[in-house]
Amino acid sequence: MELIITQPDDWHLHLRDGAGMQDVAKHSAAQFGRAIIMPNLKPPVTTVDEALEYRARILRSLGSNSGFNPLMTLYLTDNTTVADIEAASASEHVVAAKLYPAGATTNSDAGVTDIKNMAPIFDAMQEHGIVLCIHGEVVQHDVDIFDREARFVDSTLRYIVDTFPGLKVVMEHITTSEAAEFLQSAREGVGATITPQHLLYNRNHMLVGGVRPHYYCLPILKREAHRAALCKLVASGSTRAFLGTDSAPHAKHTKENACGCAGVFSAHAAINFYAEAFEAIDALDHLEAFASLNGPAFYGFAPNTRKMKLTKQAFDVPAEYQFGEHTVVPLRASETVSWTAELLD
C-alpha cells in the first residue's frame, strides 16, 4: 500500500540546543517542511533577538540545503512586555508565544504564575496576530496528575478563549476527552495539536509490567477512553486538529533514573507513527489534512509544495540515536513501525 500526501509540518517540536540539537534536528528536517520550535531552553527564549539567534543555530546545524523552516516562539513569563509582542509581530520568523504554567513540565519554572496578570499581553497578541500556544495543565499539587488537563480546560482555558475573542489559541498536545469536546465546540480561532503517542498508547503501555520511562511525557498518557476520544476526533476529519509531535529528546541516563524526566522522542519516525495510528482507525483518508493542511491554514501559511510517499513497509527502529555526547532512546526502540516515509523531489 502506498499513499502520496503533501509534505507535512510539525506544529510542536523540541530541538534542544548545542551538540544534541545537531543530532536530532536532522530527523525532523527529513520529514517536515516547517516546525514550531518550542522555547523552553535553559535559559528560556524570551525575546525576539534570542529567538532569531536560536533559529540561526538550528539552520547552521542543518546546512544550507535542508529546506527546513523553523518557526519560532517566545516563552511567556511574568515579565513579558507588550513591546516583546510588538517586536515578535515585526519578525516573519516569530509566529507564536508559548504559555507554560510555572512548574507544569520540562524547563517551565520561569513560566507564568498568574494567568489574570497576562491580560495586557493577550490583548497585544490578538491585536498583532501572534498565536498563543498553551501547555494546558494546572499545577496545584492537590489535583491528580491524570486530571490536570481537564481541570485546566474548565478553570483557565475557557477564560482565555472567552475573554480574548480575537486571540488565536492552540491547545497543545491534547490528551483527554474533555479537551477534545472543548475543541469541537469552541469559537473560531481555537485549534489543537495531537502527538503520535497519545493516538497510539494509553497509560497501560507506560505502567503495566513495569514502568517504561520512555513513554513518560507531560501531559501524561491517559485512560483508553481518552485515547479513543482523540482517535474519534481525528477520524471525524476535524479541521481544528493538526500534527504536533511534541518530540522531546532527553539523554538516556536522564530518563532511566530514579527521577526520569518527561518527554518522548518521536522525530525519527514521526509521520510513520501517525500513518500507523490513522490506519488503525480506518482514517487514512484524513491523514493528509491533519498532517499537511490544517496546521498551515490555522497559522496562515500555504501548504508545502513537495510531496511525500508513505509505504506500508516495516521500518526497524534502532535501540538508540546519538544525542550530543550521550544517546537518546526513540519511541518504539528496537521494534518496528509498519510504515516508511520518503520525500519526493
Side-chain angles (χ1 to χ4, degrees), residues 1-13 24 27-28 30-33 35 173-175 180 192-206 208 212 214-217 219-238 241-249 263-295 307-321 328-344:
M1 183 190 305
E2 289 186 356
L3 187 66
I4 305 296
I5 65 170
T6 302
Q7 182 185 19
D9 299 301
D10 187 347
W11 299 98
H12 185 121
L13 177 64
V24 299
H27 294 289
S28 295
Q31 293 195 341
F32 299 112
H173 43 49
I174 62 171
T175 66
T193 58
I194 307 177
T195 77
Q197 65 265 27
H198 290 107
L199 289 174
L200 288 168
Y201 306 116
N202 61 44
R203 63 188 187 180
N204 281 0
H205 293 91
M206 181 178 63
V208 172
R212 304 178 71 184
H214 298 288
Y215 285 74
Y216 171 54
C217 57
I220 200 165
L221 296 173
K222 304 296 196 299
R223 290 180 179 272
E224 173 60 15
H226 295 294
R227 188 195 73 85
L230 299 183
C231 289
K232 182 179 179 181
L233 172 65
V234 299
S236 74
S238 171
F242 39 92
L243 188 157
T245 63
D246 194 19
S247 181
V264 170
F265 178 64
S266 61
H268 62 294
I271 192 63
N272 319 54
F273 289 124
Y274 284 108
E276 194 172 276
F278 275 66
E279 182 188 23
I281 57 175
D282 195 25
L284 281 173
D285 55 330
H286 293 307
L287 177 60
E288 181 179 40
F290 173 85
S292 313
L293 306 178
N294 296 347
K307 296 293 183 179
M308 170 176 278
K309 180 171 73 172
L310 299 169
T311 305
K312 186 68 181 296
Q313 178 178 326
F315 164 58
D316 295 324
V317 179
E320 301 175 358
Y321 286 100
V328 59
V329 177
L331 184 61
R332 204 79 67 80
S334 300
E335 300 176 21
T336 61
V337 184
S338 58
W339 288 81
T340 61
E342 175 189 2
L343 279 176
L344 303 176

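Every heavy atom of this structure was used, including side-chain atoms; hydrogens, water molecules and symmetry mates were not.
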Taking only residues two or more places apart in sequence, or in another chain, which ones meet [X] in a ring-ring contact (aromatic ring centres under 6.0 Å, His included)?
X	result
His12	His14, His173
His27	Phe265, Tyr321
Tyr274	Phe290

Cut-off 3.5 Å, no hydrogens considered: what does the side-chain donor-acceptor table look like for residues 199-206, sequence neighbours left out?
{"from": "Tyr201", "atom 1": "OH", "to": "Arg332", "atom 2": "NE", "distance (Å)": "2.8"}
{"from": "Tyr201", "atom 1": "OH", "to": "Arg332", "atom 2": "NH2", "distance (Å)": "3.1"}
{"from": "Asn202", "atom 1": "OD1", "to": "Asn204", "atom 2": "N", "distance (Å)": "2.8"}
{"from": "Asn202", "atom 1": "OD1", "to": "His205", "atom 2": "ND1", "distance (Å)": "3.4"}
{"from": "Asn202", "atom 1": "ND2", "to": "Glu224", "atom 2": "OE1", "distance (Å)": "2.8"}
{"from": "His205", "atom 1": "ND1", "to": "Asn202", "atom 2": "N", "distance (Å)": "3.1"}
{"from": "His205", "atom 1": "ND1", "to": "Asn202", "atom 2": "O", "distance (Å)": "3.4"}

Task: side-chain contact (heavy atoms from CB on, under 4.5 Å) evaluation trace for Leu233 with Ile194 - done: CA-CA 10 Å; Leu233 172 65; Ile194 307 177; 3.9 Å; yes
With sequence neighbours left out, what residues match [X] under side chain to side chain donor-acceptor pair (under 3.5 Å)?
X	answer
Ser266	none
Gln7	none
Thr311	none
Lys232	none

Could you tell me whether the side chain of [Y] reaches within less than 4.5 Å of the side chain of [X], counting heavy atoms only?
X	Y	value
Thr195	Thr245	no
Ile4	Leu344	yes
Val328	Glu320	no
Glu335	Val317	no
Asp246	Thr193	no
Phe278	Asp285	no
His268	Phe273	yes

Can you list everything that forms a side chain to side chain contact (heavy atoms under 4.5 Å, CB included) with [X]? Sequence neighbours excluded, please.
X	answer
Ala229	Ser177
Ala333	Val329, Pro330
Ala291	Pro8, Leu243, Ile271, Leu287
Ala235	Ile281, Ala283

Exercise: identify the closest heavy-atom pair between [X] and [Y]:
X	Y	answer
His226	Thr175	CB-O, 3.4 Å
Ser292	Ile5	OG-CD1, 4.1 Å
Ala30	Leu343	O-CD1, 3.3 Å
His198	Pro219	NE2-O, 3.0 Å
Ser28	Ala267	OG-CB, 3.6 Å
Leu13	Ala35	CD2-CB, 3.7 Å

Task: Heavy-atom donor-acceptor pair, Asn294 side chain to Phe242 backbone, under 3.5 Å - done: no
Task: Step-by-step side-chain contact (heavy atoms from CB on, under 4.5 Å) determination, Lys307 to Thr6 - done: CA-CA 5 Å; Lys307 296 293 183 179; Thr6 302; 3.2 Å; yes
- [ ] Verify whether one side chain among Gln313 and Thr340 offers a donor that lies under 3.5 Å from an acceptor in the other.
- [x] no
Open item on the list: For a quick check under 3.5 Å, do Asn272 and Gln31 share a side-chain donor-acceptor pair by atom type?
Closed with: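 Note: Asn272 and Gln31 side chains meet the donor-acceptor criterion.
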TODO: Could you check Glu2, Glu279, Glu276 and say which one makes a salt bridge (charged side-chain N to carboxylate O under 4.0 Å, His left out) with Lys312?
DONE: Glu279
